[in-house]
Amino acid sequence: DQQVKQNSPSLSVQEGRISILNCDYTNSMFDYFLWYKKYPAEGPTFLISISSIKDKNEDGRFTVFLNKSAKHLSLHIVPSQPGDSAVYFCAGVEENTGFQKLVFGTGTRLLVSP
Amino acid sequence: DTGVSQDPRHKITKRGQNVTFRCDPISEHNRLYWYRQTLGQGPEFLTYFQNEAQLEKSRLLSDRFSAERPKGSFSTLEIQRTEQGDSAMYLCASSLSLAYTQYFGPGTRLTVL
């Protein structure tokens with residue numbers, strides 16, 4: 001049962017343009033969402049998060065949008081830079097008796113070309 | 001803040017051997033998590049410690065797996081009688097209590113021949 005889905009395995013964007021990475025979820029108990037970026041041979045690096053009571057959170061070039069009724073969130077990167085090329089994971093947080101368990105999607109590989 | 005560290009970064013072993021991995025979390029973090037990531041998948045939760053207490057284990061964690069965090073600081077994950085299906089990246093993460101954000105280490109890549 002895939003609770004978090006990232007249906008696009010890859011995305012190619014030109015430098016300077018907008019990158020939009022999408023994520024859908026099925027578990028309505030998620031109360032927080034996070035995006036992580038992962039380079040090869042490294043662990044995931046935290047990027048940005050959003051609470052389920054918000055619909056938008058912005059941090060520099062990164063903005064995450066949450067549509068609770070559609071159970072959909074997206075990460076916008078503007079402008080995209082070649083250094084943004086990495087695999088991006090969306091994760092939902094299910095708070096379970098005071099312990100936060102991350103449930104990850106399968107990732108989207110972003111390639112930003114100069 | 002030196003970040004989460006893991007050792008070794010790579011481990012190649014033969015089927016049937018035992019392996020042990022170490023994780024050193026961010027020093028002030030009292031929560032520690034282990035995840036496993038296989039090719040083409042996102043990380044999957046294995047187990048969680050609050051200080052030295054192991055409070056949650058996934059059904060993915062078979063009897064061959066054991067994890068400890070003896071003094072509430074570093075943690076070890078041991079796999080006994082390794083199988084080829086254990087080949088994966090093993091990731092450790094830590095966080096503060098009540099914080100949603102988990103910080104990951106670089107991972108240990110295990111290859112079972």
Side-chain angles (χ1 to χ4, degrees), chain A residues 1-10 21 23-25 27 29-54 57 59 62 64 66 86-109, chain B residues 1 3-10 21 23-26 29-51 53-61 88-111:
Chain A
D1 176 26
Q2 193 80 33
Q3 298 183 56
V4 179
K5 299 178 185 179
Q6 294 178 259
N7 292 318
S8 299
S10 63
L21 297 99
C23 178
D24 297 292
Y25 63 96
N27 187 345
M29 299 301 291
F30 287 147
D31 52 9
Y32 209 78
F33 300 91
L34 301 97
W35 284 91
Y36 283 85
K37 178 170 74 173
K38 188 178 184 302
Y39 294 118
E42 294 184 13
T45 302
F46 170 70
L47 200 56
I48 192 169
S49 60
I50 187 166
S51 165
S52 61
I53 62 172
K54 302 264 176 102
N57 187 28
D59 183 2
F62 303 92
V64 55
L66 174 62
V87 178
Y88 289 77
F89 290 98
C90 166
V93 181
E94 182 176 354
E95 181 129 14
N96 187 351
T97 61
F99 131 70
Q100 289 86 24
K101 171 183 166 183
L102 296 183
V103 180
F104 285 86
T106 52
T108 297
R109 181 177 302 277
Chain B
D1 177 1
V4 179
S5 61
Q6 292 187 245
D7 185 68
R9 295 291 305 273
H10 304 275
F21 311 139
C23 169
D24 287 88
I26 294 171
H29 287 183
N30 53 0
R31 293 190 172 184
L32 187 147
Y33 307 79
W34 285 96
Y35 291 81
R36 180 173 70 186
Q37 184 179 15
T38 53
L39 199 61
Q41 301 297 314
E44 294 175 289
F45 169 77
L46 291 179
T47 190
Y48 150 69
F49 289 84
Q50 170 84 30
N51 299 312
Q54 187 176 19
L55 298 183
E56 185 78 15
K57 290 196 288 187
S58 163
R59 68 181 188 281
L60 293 176
L61 216 63
M89 173 77 84
Y90 289 84
L91 293 161
C92 175
S94 69
S95 74
L96 292 167
S97 291
L98 306 179
Y100 288 102
T101 304
Q102 296 177 22
Y103 296 89
F104 284 81
T108 295
R109 179 165 295 285
L110 173 66
T111 302

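Letters A, B, ... mirror the listed sequences (proteins, then strands); counts begin at 1.
Proximity to chain B (any heavy atom under 4.5 Å) is restricted, for A:Tyr36, to the side chain, taken from C-beta onward. Contact annotation for B:Gln6: neither backbone nor side-chain heavy atoms come within less than 4.5 Å of a heavy atom of chain A. With a threshold of 4.5 angstrom between heavy atoms, B:Ala93 does not approach chain A through any atom at all. Proximity to chain A (any heavy atom under 4.5 Å) is shown, for B:Arg109, by neither the backbone nor the side chain. Only the side chain of A:Leu34 comes within less than 4.5 Å of a heavy atom in chain B; its backbone stays farther off.
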### Task
Would you check, one step at a time, whether the test side chain to side chain contact (heavy atoms under 4.5 Å, CB included) holds for B:Phe45 with A:Phe104?
CA-CA 9 Å; B:Phe45 169 77; A:Phe104 285 86; over 6 Å; no

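Of all the heavy atoms in A:Gly43 and B:Leu91, the pair that sits closest is CA-CD2, 4.0 Å. The heavy-atom pair separating A:Phe89 from B:Gln41 by the smallest distance is CE2-O, 3.9 Å.
Using modelled atom types, no side-chain atom of A:Gln100 and backbone atom of B:Thr101 make a donor-acceptor pair closer than 3.5 Å.
Ring geometry for A:Phe46 against B:Tyr103 counts as perpendicular: the plane angle is over 60°, on a 0 to 90° scale with 30° as the lower cut.
Residues A:Leu102 and B:Tyr33 form no side-chain contact, since every pair of their non-hydrogen atoms from C-beta on lies 4.5 Å or further apart.
With respect to chain B, the highest number of heavy-atom pairs below 4.5 Å among A:Gly107, A:Pro44, A:Ala41 belongs to A:Pro44.
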